[in-house]
There are 2 protein chains.
Amino acid sequence: MKSACAQQVQSLSSGKEPLPEPCAACAARVLSVCDAIDDCDLDRLAAITSVQDIARHQIFVTEGDPADHLFNVTDGTVKVYKLLPDGRQQITGFLLAGDFLGLSFLERYGCSAEAVTRVRCCRFPRKQFAALLTDFPGIERRLLGIASNELAAAQDQMVLLGRKTARERVSTFLLMLSRRAARSGGTTDPVILPMTRTDIADYLGLTVETVSRTFTQLKKGGFIELREAGIVHLSNLSALEDLSQGF
Amino acid sequence: MKSACAQQVQSLSSGKEPLPEPCAACAARVLSVCDAIDDCDLDRLAAITSVQDIARHQIFVTEGDPADHLFNVTDGTVKVYKLLPDGRQQITGFLLAGDFLGLSFLERYGCSAEAVTRVRCCRFPRKQFAALLTDFPGIERRLLGIASNELAAAQDQMVLLGRKTARERVSTFLLMLSRRAARSGGTTDPVILPMTRTDIADYLGLTVETVSRTFTQLKKGGFIELREAGIVHLSNLSALEDLSQGF
DNA sequence: GGAGTTCCTTGATGTGTCTCAATGGTTAAG
DNA sequence: CTTAACCATTGAGACACATCAAGGAACTCC
């Protein structure tokens, strides 16, 4: 089970090949508490799970709508964002394979979500999911852990948005993607950017132009290399670490 | 129990009068799940609770330290913040009476915490608290709800820091304080600011000077009145709402 | 009462990032 | 092959906010 899941994480998120077959990996992720997973529990969760394929640029969760579902991304990249009335956009996070969406237990979605690439994910109806929680308190602890991590990430992002310069923001962003790829079993060095410069700007609280200028600045400084589109080579990781902290 | 708690919330956070007596209100807050509170549970939680008085400007939680305790603020105002190596500060939130601190279930504290005013709070040792969770799964759900709310607030703050102008930030900040006071049974109109302009700046991702200038600008525009120090009258609430959203 | 400290405000000036505008590259459609 | 759409990059100029500097109000401590 574990290996199947890892395999899926590896699979591309940009190409044209068919997406991998649906699997119970998402259910396993939800249930992956410290102790061993009971096959019975797994089946029960799998029973309420449905697999969903989402086309590029499709908005599949809208801020303010009733929060009917909970998602686990299996493949691809999702951007989660909020809008101001005049259209200004702030991306609050990018979701990669393995990440959860909508696990806040509020009435309505707090953010919208759009597929940056083609996306495959598992979907759990919230009501039925909530029923599971009463039977398996372990899941609640697991969710609490996930929420804790998200909160910590949000606080780091506040530091970035409130106090870091453009160069620090972009460096931090590249390192974050690198670490996340490594954590999912990928490589740390060539970082893949499935999102556009505009998306990066909306995530970092900058404009496209500033992001683009900062990339070329980092390139000229010998910190990164831009060869193919959507791929960044981190030439000097430790120097980039310093940059991201303002040294 | 409820009324005693409300009383406590009302009590000043800046003066010299003695702080109110410790009470089981914090324990009640933790246990206040949907269903009625069992006195027995309450006693058990109260047994591991200790009351802590914290002097103004005292740092009582430091980022990176082992997360041994969980706090519930009973009285006063706390600022929660992160620092960059060169001293730049980002305040991730202000805690008022009733708010929790350190409920993330990570190994170490993600932020530091400093008493803005004199503060009284209840403290739970994490280990013993965790033991309680296994016996009362309801608490976990409650914590999940709290974490959800914090996450939503963090996302709003990201929009503020990433996309709002100085005027929009300050307006949003004043309205937030107003709403929180109202929610705790206080008044919505004269908003009390226990923190300094510098703290507000570090929360809003601005400088002291910009915050100060924005206050006078709002005053001249007839949106607020500044009479006594630390108190802001919101003359035109709906106009302020518009300002905070960029209309 | 005087001295020191902290906090708030205001002015003058600087600058990092935004805005506006143009270009070329790439991809998709006809 | 042509056209359109989107995306990334770069330049010139503008502006919101930062920085630097100074003064006054409130408070604390002798």
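Letters A, B, ... are given to chains in the order of the sequence lines, protein chains preceding strands, and every chain is numbered from 1. Values below: all heavy atoms of this structure, side chains included; hydrogens, waters and symmetry mates excluded.
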Show me the donor-acceptor pairs, under 3.5 Å and distance only, between side chains in residues 150-162 of chain B and residues at least two apart or in other chains.
| residue | atom | partner | partner atom | Å |
| --- | --- | --- | --- | --- |
| B:Asp156 | OD1 | A:Lys82 | NZ | 3.2 |
| B:Gln157 | OE1 | B:Tyr203 | OH | 3.4 |
| B:Gln157 | NE2 | B:Tyr203 | O | 3.1 |

- [ ] Could you check whether the rings of A:Phe71 and A:Tyr109 sit parallel, tilted or perpendicular, using 30° and 60° as the cut-offs?
- [x] tilted
TODO: Return the value, rounded to whole Å, for the distance between atom CG of B:Leu226 and atom C1' of D:dG24.
DONE: 17 Å
Open item on the list: What is the separation between atom CG on A:Leu218 and atom C1' on D:dT9, rounded to the nearest whole Å?
Closed with: 15 Å
Using residues 190-199 of chain A as the side-chain source, report each donor-acceptor pair under 3.5 Å to any protein atom, sequence neighbours left out, with the distance given to one decimal.
| residue | atom | partner | partner atom | Å |
| --- | --- | --- | --- | --- |
| A:Thr196 | OG1 | A:Thr198 | N | 3.4 |
| A:Thr196 | OG1 | A:Asp199 | N | 3.1 |
| A:Asp199 | OD1 | A:Lys79 | NZ | 3.0 |

Task: Near-strand residues of residues 86-96 of chain A, defined as heavy-atom separation under 4.0 angstrom from DNA chain D - done: none
TODO: Round to the nearest Å and state the distance from B:Gln217 atom CD to D:dC17 atom C1'.
DONE: 12 Å
- [ ] Would you mind reading off the distance between A:Leu193 atom CG and D:dC7 atom C1', rounded to a whole angstrom?
- [x] 14 Å
In a table with atom names and distances, give each donor-acceptor pair under 3.5 Å that connects a side chain of residues 240-247 of chain A to protein atoms at least two apart or in another chain.
| residue | atom | partner | partner atom | Å |
| --- | --- | --- | --- | --- |
| A:Glu241 | OE1 | A:Arg179 | NH2 | 3.1 |
| A:Ser244 | OG | A:Glu241 | O | 2.7 |

Task: Partners passing side-chain contact (heavy atoms from CB on, under 4.5 Å) against B:Leu96 (at least two apart in sequence or in another chain) - done: B:Thr77, B:Asp99, B:Arg180
Open item on the list: Strictly below 4.0 Å, N to O, side chains only: are B:Asp75 and B:Arg118 in salt-bridge contact?
Closed with: no
Task: Under 3.5 Å donor-acceptor, A:Arg183 side chain and A:Ser178 backbone - done: no
- [ ] Kindly say whether B:Asp53 contributes a backbone atom to a donor-acceptor pair with the side chain of B:Arg120 at under 3.5 angstrom?
- [x] no
Task: All side-chain contact (heavy atoms from CB on, under 4.5 Å) counterparts of B:Thr165, not counting sequence neighbours - done: A:Arg88, B:Arg167, B:Glu168
Open item on the list: What's the angle between the local helix axes at either end of the helix from C:dG1-D:dC30 to C:dG30-D:dC1, using five pairs per end and rounding to 10 degrees?
Closed with: 40°
Task: Base-contact (B) and sugar-phosphate-only (S) positions in nucleotides 15-26 of chain C, heavy-atom cut-off under 4.0 Å, - elsewhere - done: --SSBBB-----
Could you list, one pair per line, each protein nitrogen or oxygen that sits under 3.5 Å from a nitrogen or oxygen of nucleotides 4-8 of chain C, together with the distance?
| residue | atom | partner | partner atom | Å |
| --- | --- | --- | --- | --- |
| C:dC8 | OP1 | B:Arg197 | N | 3.4 |
| C:dC8 | OP2 | B:Arg197 | N | 2.8 |

Open item on the list: Can you list everything that forms a side chain to side chain donor-acceptor pair (under 3.5 Å) with A:Ser148? Sequence neighbours excluded, please.
Closed with: none
TODO: Name all pairs fulfilling the salt bridge (Lys or Arg N to Asp or Glu O under 4.0 Å) condition that reach into residues 210-220 of chain A, sequence neighbours left out, sorted by first residue then second.
DONE: none
Task: Student check: side-chain heavy atoms of B:Leu101 and B:Phe60 closer than 4.5 Å - done: yes
- [ ] With sequence neighbours excluded, tell me which residues meet side-chain contact (heavy atoms from CB on, under 4.5 Å) with B:Ala115.
- [x] B:Ile54, B:Val119
